[in-house]
Amino acid sequence: MNGNSNGFGSAAAAAAADYIRRRHLHEIGENQCSSSLVKHINAPVPLVWSLVRRFDQPQMYKPFVSRCVAQGNLEIGSLREVDVKSGLPATTSTERLELLDDNEHILSIRIIGGDHRLKNYSSIISLHPEIIDGRPGTLGIESFVVDVPEGNTRDETCYFVEALIKCNLKSLADVSEGLAVQDRTEPIDL
């Protein structure tokens, strides 16, 4: 498990490990790598979930997505075509919604096609309430499993995917925390 500690103690780490054990179940094949990353977000779960659950608009917080076109309703089996910003070794990704649980705040996707090297990639992101500095916060956990491409090692593959997910989680935190601050701002009477 990787992630940001942000000064949280062993109780938070134990909670995260428990959530990962219960919610982030991946079958890992022989030539695959997998990892879980954790991010503490200074915003309440409903606000963060309002961004994460938008399978049709990942660009709301994912900085490497330039465009997304979703097909059908927002339900399990829905597909989206994602255009990736230049600078990454990819241009497009076709992704299927595997799970969208509004009660447990879990979203899972699987990449089923596109121009990239992430074969048999699937991820799960879950959000869990926690108190941060006396305010409602969110523990975000994202896990993945992916094939190790020929010519790469398991460590290289995990490092690359973890770097992308860390960037996405940091952006999710930045966007969510910005919205949370706006929500807390009192109107100024002139």
Point to revise | Check: F64 and C167 side chains under 4.5 Å, non-hydrogen atoms | key: yes
Review point. So, do P136 and V45 sit near enough that their side-chain heavy atoms are less than 4.5 Å apart?
Key: no
Review point. Looking only at side chains, do T92 and D115 share a donor and an acceptor under 3.5 Å apart?
Key: no
Practice item. Taking the side chain as every heavy atom from C-beta outward, state whether S35 and S143 have any atom pair closer than 4.5 Å. Key: no
Practice item. Would you please say whether a donor-acceptor pair under 3.5 Å links the side chains of N152 and R117? Key: yes
Review point. Going hydrophobic residue to hydrophobic residue with side-chain gaps under 4.5 angstrom, can you get from L179 over to L127?
Key: yes
**Study point:** Side-chain touch V82/E95, heavy atoms, less than 4.5 angstrom
**Key:** yes
Exercise for review: Check whether V146 and I165 end up in the same hydrophobic cluster, where Ile, Leu, Val, Met, Phe, Trp and Tyr are linked by side-chain heavy atoms less than 4.5 Å apart.
Suggested key: yes
Check your understanding: Does the side chain of Y61 come within less than 4.5 Å of V52's, by heavy atoms?
Key -> yes
Practice item. Give, for atom CD of E98 and atom CZ of F55, the distance between the pair rounded to the nearest 0.5 Å. Key: 9.0 Å
Review point. How long is the span from the CD1 atom in I125 to the NZ atom in K39, to the nearest 0.5 Å?
Key: 12.0 Å
Point to revise | Donor-acceptor under 3.5 Å (S108 side chain, S123 main chain) | key: yes
Point to revise | N42 versus E177, closest heavy-atom pair with distance | key: N-OE2, 2.8 Å
Check your understanding: What closest approach, in Å, do C33 and T157 show between heavy atoms, and which atom pair accounts for it?
Key -> SG-CG2, 3.7 Å
Review point. Looking at side-chain heavy atoms only, is the closest gap between L37 and K166 below 4.5 Å?
Key: yes
Practice item. To the nearest 0.5 Å, tell me how far T138 OG1 sits from L47 CG. Key: 8.0 Å
Review point. Could you walk me through whether R154 and E156 pass the salt bridge (charged side-chain N to carboxylate O under 4.0 Å, His left out) check?
Key: CA-CA 6 Å; R154 185 173 267 109; E156 290 168 337; over 6 Å; no
Practice item. Just do the side-chain contact (heavy atoms from CB on, under 4.5 Å) check on E75 and L97 with the steps written out, would you? Key: CA-CA 7 Å; E75 58 192 18; L97 182 61; 5.7 Å; no
Exercise for review: Identify the heavy atoms of D101 and E104 that sit nearest to each other, and give their distance.
Suggested key: OD1-N, 2.8 Å
Practice item. Report yes if the side chains of H128 and E130 come closer than 4.5 Å at any heavy-atom pair, otherwise no. Key: no
Point to revise | Residues K119, D147: salt bridge by 4.0 Å N-O rule | key: no
**Study point:** ILVMFWY network linking L51 to I41, side-chain heavy atoms under 4.5 angstrom
**Key:** yes
Review point. Under the side-chain contact (heavy atoms from CB on, under 4.5 Å) criterion, do K62 and L172 qualify, and how do the steps go?
Key: CA-CA 7 Å; K62 292 186 176 188; L172 176 62; over 6 Å; no
Check your understanding: Can V161 and L118 be said to form a side-chain contact (heavy atoms from CB on, under 4.5 Å), step by step?
Key -> CA-CA 9 Å; V161 176; L118 298 178; 3.8 Å; yes
Point to revise | Side-chain (S34) to main-chain (F144) donor-acceptor, under 3.5 angstrom | key: yes
Practice item. Examine I111 and L74 and state if one hydrophobic cluster contains both, with Ile, Leu, Val, Met, Phe, Trp and Tyr joined whenever side-chain heavy atoms are less than 4.5 Å apart. Key: yes
Review point. Any chain of hydrophobic side-chain contacts (each under 4.5 Å) joining Y121 to F160?
Key: yes
Review point. Taking all atoms of both residues into account, what is the closest heavy-atom pair of G137 and I132, and its distance?
Key: CA-CD1, 4.0 Å
**Study point:** R53 bridged to D102 by N-O distance under 4.0 Å
**Key:** yes
Study note, to complete from the structure: Output for pair (I124 CD1, S126 OG), nearest 0.5 Å, gives 8.0 Å
Exercise for review: Give a yes or no answer on whether the side chain of S171 reaches the backbone of P63 with a donor-acceptor pair at less than 3.5 Å.
Suggested key: no
Practice item. Output the distance between atom NE2 (H105) and atom CH2 (W49), rounded to the nearest 0.5 Å. Key: 6.5 Å
Study note, to complete from the structure: So CG of D56 and CD of Q71: to nearest 0.5 Å the spacing works out to 12.0 Å
Point to revise | Pairwise side-chain contact, Q32 with V148, heavy-atom cut-off 4.5 Å (strictly under) | key: no
